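Residue numbering restarts at 1 for every chain, and letters A, B, ... go by the order of the sequence lines. Quick caveat, the model's predicted, so the values are computed rather than measured.
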Amino acid sequence: MPELPEVETVRRGLEPTMEGAKVLKVETRRANLRFPFPERFAETLEGRTIVSLGRRAKYLLLYLDQGPPLICHLGMSGAFRVQTEDESLTPGLFHHPRSKLEAHDHVVFHLLCRDDVTRRVIFNDPRRFGFMLFATEVPAIHPMLDGLGVEPTGNALDGAMLATLFKGKQTPLKAALLDQTLIAGLGNIYVSEALWRAGLSPRRAAGTIAPAKGQSSLRADRLATAVRSVIADAIEAGGSSLRDYRQADGSEGNFQHRFSVYDREGEPCPKPTCRGVITRIVQSGRSTFYCPVCQR
DNA sequence: CCGATTACCTGCACGC
DNA sequence: TGCGTGCAGGTAATCG
């Protein structure tokens, strides 16, 4: 489900509830998600105060007043929702620990929030590709985070850096952009969108965006700009809501209405002067959407 | 080492 | 209505 913009939206959505909250109790309703929960998962969290919420690529980080941060990954279908005690508990079931839980609610955090109200933050993940692990150090060192590439937020990623990262690579641009060790946070949707904005074919060999000797790095510059802009636009729109994905407050993101090519097979290319038709191809087992006319 | 494929899981849309 | 098939935003293990 969530690529970087969705995880950032989740982080911002949870922040008012979780930042400064004390963890009263943690329930896990099965032994594992993608991986087993860490040893003493609940006990380690209970009694702690959540100092702040961070994000690295598609990883959500809960910084605690003591001990290493909790690393959360939403996988394909993970989502958080917040319940306030008053509205969540059915009369007659007051304080019943299982009230209002739904299928695939795997983790329940009982929190005493800064405003002195008790709330529950519930992690739901039908496919269970998500996971929760403790970092081994503060701020957030973990094998899972080692080797992650540059964030496509901010200004660090520019044409020169992209050209260097992709230099000599024969692999298609689609695969190179999905490689989290190069750029961290892009997923299947935003790779298609960024390549359309850049006017570059997903099939083009990644190494060929580098400028020839003495030439300007036009392609690399265009691609870097496209990646940064699509990520920034998607964050600003609150991410994309597909299928069952919702923001933590229950509202939907808006960016799915602004897809130029993703899931638009057969539609005309939205580029004003282009007569192309959006085409779906499969690359390394996953759908890519692009316009074969204006993306070269 | 590299890149491509498969596995992990459930739900849903679709065709018959 | 039911059943089989394919597909879905993730990463990691395996294969050549």
**Student:** Which residues within residues 159-173 of chain A lie with some heavy atom under 4.0 Å of an atom in DNA chain B?
**Tutor:** A:Thr171, A:Pro172
**Student:** Would you indicate, yes or no, if B:dG11 has its OP1 or OP2 atom less than 4.0 angstrom from a side-chain nitrogen or oxygen of A:His104?
**Tutor:** yes
**Student:** When you compare B:dT5 with C:dC7, how far apart are their P atoms, in angstrom units rounded to a whole number?
**Tutor:** 14 Å
**Student:** Could you tell me the separation between the CZ atom of A:Phe35 and the P atom of C:dT11, rounded to a whole number of Å?
**Tutor:** 11 Å
**Student:** Describe, in one word, how the ring planes of A:Phe289 and A:Tyr262 are oriented to each other, choosing from parallel (under 30°), tilted (30 to 60°) and perpendicular (over 60°).
**Tutor:** perpendicular
**Student:** Is a salt bridge present between A:Arg197 and A:Asp233, judged by a nitrogen-to-oxygen distance below 4.0 Å?
**Tutor:** yes
**Student:** Using OP1 and OP2 only, check whether a side-chain N or O of A:Ser287 sits under 4.0 Å from C:dA8.
**Tutor:** yes
**Student:** Can you pull the salt bridge (Lys or Arg N to Asp or Glu O under 4.0 Å) pairs that have at least one residue in residues 155-166 of chain A, sequence neighbours excluded?
**Tutor:** none
**Student:** Are the side chain of A:Arg222 and the backbone of A:Ala198 linked by a donor-acceptor contact shorter than 3.5 Å?
**Tutor:** yes
**Student:** I need the CD1-C1' distance between A:Ile189 and C:dA8, as an integer number of Å.
**Tutor:** 10 Å
**Student:** Of the non-hydrogen atoms in A:Pro152 and A:Leu4, which two are nearest, and what is the gap between them?
**Tutor:** CD-CD1, 3.7 Å
**Student:** Could you give the distance separating C:dT11 and B:dC12 at their P atoms, to the nearest angstrom?
**Tutor:** 23 Å
**Student:** Hey, which sits more toward the 5' end of DNA chain C by its nearest nucleotide, A:Gln180 or A:Phe289?
**Tutor:** A:Phe289
**Student:** Quick one: which of C:dG9, C:dA12, B:dG11 gets closest to the side chain of A:Pro126?
**Tutor:** B:dG11
**Student:** Would you say A:Lys58 reaches C:dG9's phosphate, i.e. side-chain N/O to OP1/OP2 under 4.0 Å?
**Tutor:** no
**Student:** Considering only heavy atoms and no angle criterion, is a donor-acceptor pair shorter than 3.5 Å present between the side chain of A:Arg34 and the base of C:dT11?
**Tutor:** yes
**Student:** The test is side-chain hydrogen bond (donor to acceptor under 3.5 Å, both in side chains); show your working for A:His110 and A:Glu27 and say whether it passes.
**Tutor:** CA-CA 8 Å; A:His110 299 255; A:Glu27 298 172 81; 2.6 Å; yes
**Student:** Relative to the ring of A:Phe131, is the ring of A:His73 parallel (under 30°), tilted (30 to 60°) or perpendicular (over 60°)?
**Tutor:** parallel
**Student:** Rounded to the Å, how far apart are A:Tyr190 OH and C:dG10 P?
**Tutor:** 10 Å
**Student:** Take atom P in B:dA7 and the same atom in C:dT5, then report the distance between them in whole Å.
**Tutor:** 16 Å
**Student:** How many whole angstroms separate atom CZ of A:Phe123 from atom P of C:dG10?
**Tutor:** 15 Å
**Student:** Please check this pair: side chain of A:Asn188 against backbone of A:Thr288, looking for a donor-acceptor N/O pair closer than 3.5 Å.
**Tutor:** no
**Student:** Name all stems that contain residues of DNA chain C, defined as runs of 3 or more consecutive Watson-Crick or G-U wobble pairs, both distances under 3.5 Å.
**Tutor:** B:2-8 with C:10-16, B:10-16 with C:2-8
**Student:** Walk me through it: do A:Thr84 and A:Arg119 pass the test side-chain hydrogen bond (donor to acceptor under 3.5 Å, both in side chains)?
**Tutor:** CA-CA 4 Å; A:Thr84 299; A:Arg119 294 186 178 84; 3.3 Å; yes
**Student:** Can you find an N or O donor on one side and an acceptor on the other, under 3.5 Å apart, linking the side chain of A:Arg127 with the base of B:dC9?
**Tutor:** yes
**Student:** Are A:Ile183 and A:Trp196 connected in the hydrophobic side-chain network, where two residues link if heavy atoms are under 4.5 Å apart?
**Tutor:** yes
**Student:** With C1' as the reference atom in both, quote the distance from B:dG3 to C:dG9 in angstrom, rounded to an integer.
**Tutor:** 22 Å
**Student:** Would you kindly give the CG-to-P distance between A:Asn188 and C:dG9, to the nearest whole Å?
**Tutor:** 5 Å
**Student:** Whole Å only: how far is the CG atom of A:Asp179 from the P atom of B:dG3?
**Tutor:** 8 Å
**Student:** Touch check for A:Gln283, heavy atoms < 4.0 angstrom, all strands: base, sugar-phosphate only, or nothing?
**Tutor:** nothing
**Student:** Evaluate the ring planes of A:Phe259 and A:Tyr190, with Trp represented by its six-membered ring, and classify them as parallel (under 30°), tilted (30 to 60°) or perpendicular (over 60°).
**Tutor:** perpendicular
**Student:** Name the closest nucleotide to the A:Phe129 side chain, picking from C:dT11, C:dG9, B:dC9.
**Tutor:** B:dC9
**Student:** Provide, to the nearest angstrom, the distance between the CZ atom belonging to A:Arg286 and the P atom belonging to C:dT11.
**Tutor:** 8 Å
**Student:** Can you tell me how far C1' of B:dG3 sits from CG of A:Leu177, to the nearest Å?
**Tutor:** 15 Å
